[in-house]
Amino acid sequence: MSTHIDAPKGAIADVVLLPGDPLRAQYIAEHFLEKAVRYNTVRNAFGYTGTFEGRRISVQATGMGIPSISIYVNELIQDYGVKTLIRVGTAGGMGSDVKVRDVILVQGSSTDSSIVLNTFGAGMYFAPIADFQLLREAANLADAGALRYHVGNVLGEDRFYNDEMDRQKLIDYGVLATEMETPALYLLAAKFHAQALSILTVSNHLIRGEETTAQERQTSFNDMIGLALGVAKKIPVR
Ligand SMILES: O=P(O)(O)O[C@H]1O[C@H](CO)[C@@H](O)[C@H]1O
Ligand SMILES: O=c1cc[nH]c(=O)[nH]1
């Protein structure tokens with residue numbers, strides 16, 4: 001086991017989906033994976049391993065925010081040898097073309113978190129970016145499935161409630177939406193030479209004040225989850 005995951009070596013697949021919400025992990029395991037076995041309940045951060053169309057895949061809840069996802073990504077890669085990590089999260093829309101229920105493929109992750117500064121030191125603004133192979137595959141599958149999706153820059157912010165953030169400036173610079181984990185995922189994937197992609201569903205719009213219903217969120221989650229599993233299925237087993 002690792003410090004926060006109570007699973008034996010080999011219990012976790014080389015490809016892992018990463019929802020923030022443990023109940024989303026359970027939902028994915030119960031509705032999309034075959035023969036799913038729960039390998040972790042520590043802190044209720046549920047983790048499952050099963051198969052999707054014959055491909056062994058795990059799903060691990062990360063909790064909310066950069067400190068929490070950093071723990072799981074570190075342990076999945078360093079203690080369990082995970083090579084590919086695909087976040088399946090929700091986001092608050094910011095750009096005017098972004099609508100609730102749209103899917104966003106996070107190409108680059110801007111942040112107000114100190115994680116980049118603390119890694120590289122003052123004066124170096126490392127750009128946390130998606131793995132191109134995963135991003136291209138996801139875009140191809142989204143095109144084939146006629147999904148409404150965007151590819152671009154997303155803010156990964158430290159605070160959910162953040163009145164001080166100058167959102168209009170970020171929107172003017174093309175930032176599509178906000179969420180709270182991707183900078184850490186992309187930074188740690190770069191550090192450990194793993195592959196990572198964040199796929200997000202827009203659950204609300206911060207500027208227009210729109211929200212989705214719980215039922216609608218579930219349906220649009222299904223598009224995102226299907227897309228993530230479609231990408232995961234194509235990764236050769238390592
Ligand atoms: O839906 P998840 O994956 O938790 O992601 C988003 O939702 C949480 C905030 O409600 C933050 O974790 C944010 O990144
Ligand atoms: O971080 C998040 C996630 C979803 N919606 C938001 O407004 N913020």
Side-chain angles (χ1 to χ4, degrees), residues 4 16-29 31-32 43-48 58-73 76 85-96 98-106 108-113 115 128 130 138 149-150 152-168 170-171 175-188 196-229:
H4 300 88
V16 182
L17 266 53
L18 301 172
D21 182 355
L23 293 181
R24 196 178 314 138
Q26 184 178 11
Y27 176 81
I28 294 168
H31 292 85
F32 289 85
R43 290 176 182 255
N44 280 342
F46 298 150
Y48 300 83
S58 296
V59 52
Q60 172 64 53
T62 64
M64 290 185 279
I66 285 169
S68 189
I69 192 172
S70 297
I71 286 172
Y72 294 99
V73 170
L76 287 170
L85 304 101
I86 305 176
R87 170 163 152 71
V88 281
T90 59
M94 288 172 39
S96 58
V98 174
K99 295 185 168 47
V100 290
R101 295 179 289 278
D102 284 358
V103 167
I104 298 182
L105 308 180
V106 183
S109 184
S110 300
T111 190
D112 63 342
S113 160
I115 188 172
Y149 75 100
H150 310 261
N153 201 341
V154 169
L155 174 63
E157 69 184 295
D158 255 349
R159 286 181 282 170
F160 184 86
Y161 299 106
N162 191 346
D163 294 335
E164 288 76 26
M165 179 66 68
D166 183 352
R167 296 195 189 276
Q168 190 53 53
L170 290 162
I171 293 164
V175 171
L176 300 167
T178 184
E179 54 89 61
M180 300 177 67
E181 289 82 17
T182 302
L185 173 62
Y186 287 2
L187 183 70
L188 291 169
L197 175 66
S198 277
I199 306 178
L200 307 172
T201 299
V202 179
S203 56
N204 56 298
H205 199 286
L206 292 178
I207 309 303
R208 292 197 294 270
E210 297 162 355
E211 295 276 351
T212 43
T213 65
Q215 182 58 43
E216 283 176 317
R217 285 184 195 199
Q218 184 160 311
T219 313
S220 43
F221 281 165
N222 288 348
D223 286 344
M224 168 178 72
I225 295 162
L227 193 56
L229 288 168

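Everything numeric here is computed off the predicted structure, so don't read it as measured data. First listed ligand is number 1; within each ligand, the first listed atom is number 1.
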note = Of all protein heavy atoms, the one nearest atom 7 (O) of ligand 1 is T90 OG1, 3.2 Å

inquiry  = Return the OG to CZ distance between S96 and R208, rounded to the nearest 0.5 Å.
reply    = 7.0 Å

ask   = Got a second to check how far L176's CG is from M94's CE, nearest 0.5 Å?
value = 9.0 Å

message = Considering L200, N204, T178, T201 one by one, which has a heavy atom nearer to atom 7 (O) of ligand 2 than any of the others?
response = N204

request  = Please work out whether any backbone atom (N, CA, C, O) or any side-chain heavy atom from C-beta onward of S203 is under 4.0 Å from ligand 2, and answer side chain, backbone, both or neither.
outcome  = side chain

ask   = Of the protein's non-hydrogen atoms, which lies at the shortest distance from atom 8 (C) of ligand 1, and what is that distance?
value = M64 SD, 3.6 Å

ask   = Less than 3.5 Å between some nitrogen or oxygen of F160 and one of ligand 2, yes or no?
value = no

query = Among all protein non-hydrogen atoms, which one is nearest to atom 10 (O) of ligand 1, and what is the separation to 0.1 Å?
reply = F160 CE1, 3.5 Å

ask   = Which atom pair, heavy atoms only, marks the closest approach of P19 to V59?
value = CD-CG2, 3.6 Å

message = Nearest 0.5 angstrom please: L227 CG to Y149 OH, how far?
response = 9.0 Å

task = Run the numbers for me: atoms of ligand 2, each under 4.0 Å from some heavy atom of M180, listed by number.
result = 1 (O)

request  = Could you tell me whether some N/O pair between G63 and ligand 1 is separated by less than 3.5 angstrom?
outcome  = no

remark   = For atom 3 (C) of ligand 2, the closest protein heavy atom turns out to be T90 O, 3.6 Å

query = Can you tell me which residue and heavy atom of the protein come closest to atom 14 (O) of ligand 1, and the distance to 0.1 Å?
reply = E181 OE1, 2.5 Å

remark   = re atom 4 (O) of ligand 1, the protein heavy-atom contact at minimum distance is G20 CA, 3.5 Å

inquiry  = Could you check whether any side-chain heavy atom of I171 comes within less than 4.5 Å of a side-chain heavy atom of I207, counting everything from C-beta outward?
reply    = yes

task = Verify the neighbour count for atom CZ of R159: are there more than 12 heavy atoms of other residues, nucleotides or ligands below 6.0 Å?
result = yes

query = S110 side chain to L155 main-chain N or O, any donor-acceptor pair under 3.5 Å?
reply = no

task = Just jot down the ligand 1 atoms closer than 4.0 angstrom to any heavy atom of G89, in number order.
result = 3 (O)

query = What about P19: any of its N or O atoms under 3.5 Å from an N or O on ligand 1?
reply = no

message = Would you compute the distance between atom CG of L17 and atom CD of Q60 and round it to the nearest 0.5 angstrom?
response = 11.5 Å

query = Do other residues, nucleotides or ligands put more than 12 heavy atoms under 6.0 Å from M165 CE?
reply = yes

message = Quick test of your reading of the structure: of E157, R87, E179, whose heavy atom lies closest to atom 5 (O) of ligand 1?
response = R87

